[in-house]
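Basis for what follows: all heavy atoms, side chains included, without hydrogens, waters or symmetry-related copies. Both counts, for ligands and for their atoms, begin at 1 and track the order of listing.
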Amino acid sequence: PESLIVEDAVLTYGKGEFATPALRGVSLTAKPGEVLLIRGPSGSGKTTLLQLMGAMKEPDKGKVSICGTPTTGLSQKRLRAMRLNRIGFVFQFFNLLSSLRAWENIAAPLDIIGMDRGAAEKRAKALLAEFGLADRADHFPKQLSGGQRQRLAVARAIAHDPPVILADEPTAALDTENGQAVAQILRDLAVKEGRIVVLVSHDHRLEPMVDREITIEDGRVVEERGPARPKSNA
Ligand code: ADP
Ligand code: ADP
C-alpha cells in the first residue's frame with residue numbers, strides 16, 4: 001500500500017494586493033496503518049492542506065501524490081474520479097442529507113459510483129450494524145443523536161472502501177463519550193484495516209489515538225512529533 005505524499009506544496013488565494021498565502025511550502029507523508037493529526041491555529045492552512053490531500057484543490061507549486069497517483073495537472077474530471085475512488089471525507093457538522101434515511105445517506109454515494117441499488121442497500125445496512133446503528137437504519141438524521149450522526153457520517157465516508165480517510169474536526173461537535181467512540185472507529189480504520197487516516201483537530205482528547213502529529217503555523221510545518229507511543233490497538 002502506498003502513502004499520501006505532499007511535497008513542498010505552495011498555495012495562495014487571490015492575486016496582487018488580495019493575495020493570501022495559505023501554504024508556503026509544506027511537506028508531509030501520511031502512511032497506511034497510521035493516524036496522522038494536523039494541528040495549528042485558525043488560519044494556519046489546515047483546511048487548505050486537507051483539501052490538497054483530498055484532491056479538492058491542486059497546489060500552485062509542489063506536488064501531491066495520493067497512493068501513487070499525482071494530482072498535479074489532472075483534469076477536473078480525473079480529480080473527481082480520484083476523490084470518488086480513493087477519499088473518504090468526514091466533516092465536523094456531519095454533512096448528512098436530512099431528507100434521506102440513515103441507510104440512504106450511505107447508499108446515495110454508492111449509487112453515484114455505479115453500485116446497483118440492492119447491493120448499495122446491503123452494504124449500507126452492514127455498515128450500520130458494524131457501527132452499532134442497525135436499529136436506526138430507517139431514521140432520518142434529525143432523529144439521531146450527535147454521536148450517532150457522526151458514526152453515520154463515518155460509515156458513509158468509508159462505504160466505497162477508500163484507502164484514505166480525511167476528517168476535519170470530526171469530534172468537535174461531540175461529547176467526550178461519543179468523541180471517544182468516533183476516535184476509536186477512526187483509529188481502527190487505520191490500524192486494523194490499514195487505511196491512511198488524517199485528522200485536522202484542536203481536540204486534545206484525540207492525542208492518545210494518534211501516531212504522528214504535525215503542527216502548522218502560517219502555512220509552514222513548525223513541528224513534527226511521533227510516533228508518540230508504541231503502536232497498538234488500544
Ligand atoms: P477551520 O475551522 O477548519 O479552520 P475556517 O473557518 O478557517 O476553517 O474556514 C472554513 C472554510 O472557509 C475553508 O474551507 C475556507 O475555504 C473558507 N475560508 C476561510 N477563510 C476564508 C477567507 N478569508 N475568504 C474566503 N473563504 C475563506
Ligand atoms: P485553517 O483551516 O488552519 O483555519 P485555512 O486553510 O482555512 O486555515 O486558511 C489559510 C489561510 O487562507 C487563511 O489566511 C484564510 O483566511 C485564507 N483562505 C482560506 N480559504 C480562502 C479562500 N477561499 N479565499 C481567500 N482566502 C482564503
Thr47 versus ligand 2: do any nitrogen or oxygen atoms come within less than 3.5 Å of each other? yes

Filter on side chain to side chain donor-acceptor pair (under 3.5 Å), then keep only pairs touching residues 172-181, sequence neighbours left out; what's left? Asp175-Asn178, Thr176-Arg205

Applying a strict 4.0 Å limit to heavy atoms, is Ser42 in contact with ligand 2? yes

Test your reading of the structure: does Ala22 have an N or O sitting under 3.5 Å from an N or O of ligand 2? no

So, do Leu206 and Thr171 sit near enough that their side-chain heavy atoms are less than 4.5 Å apart? yes

Could you tell me, atom by atom, which parts of ligand 2 come under 4.0 Å of a heavy atom of Ser44? 1 (P), 3 (O), 8 (O)

Thr20 and ligand 2 - part of the residue with a heavy-atom distance under 4.0 Å: side chain

Gly43 N/O under 3.5 Å from ligand 2 N/O: yes

Check whether any heavy atom of Pro41 sits under 4.0 Å from an atom of ligand 2. yes

Close approach of Gly45 to ligand 2, heavy atoms, under 4.0 angstrom: yes

Hey, are Glu207 and Arg39 close enough for a salt bridge, meaning a charged N less than 4.0 Å from a carboxylate O? yes

Backbone N or O of Asp138 within a donor-acceptor pair of the Arg101 side chain at under 3.5 Å? yes

Quick one: list whatever passes side chain to side chain donor-acceptor pair (under 3.5 Å) with Asp60, sequence neighbours left out. none

Hey, are Arg117 and Glu121 close enough for a salt bridge, meaning a charged N less than 4.0 Å from a carboxylate O? no

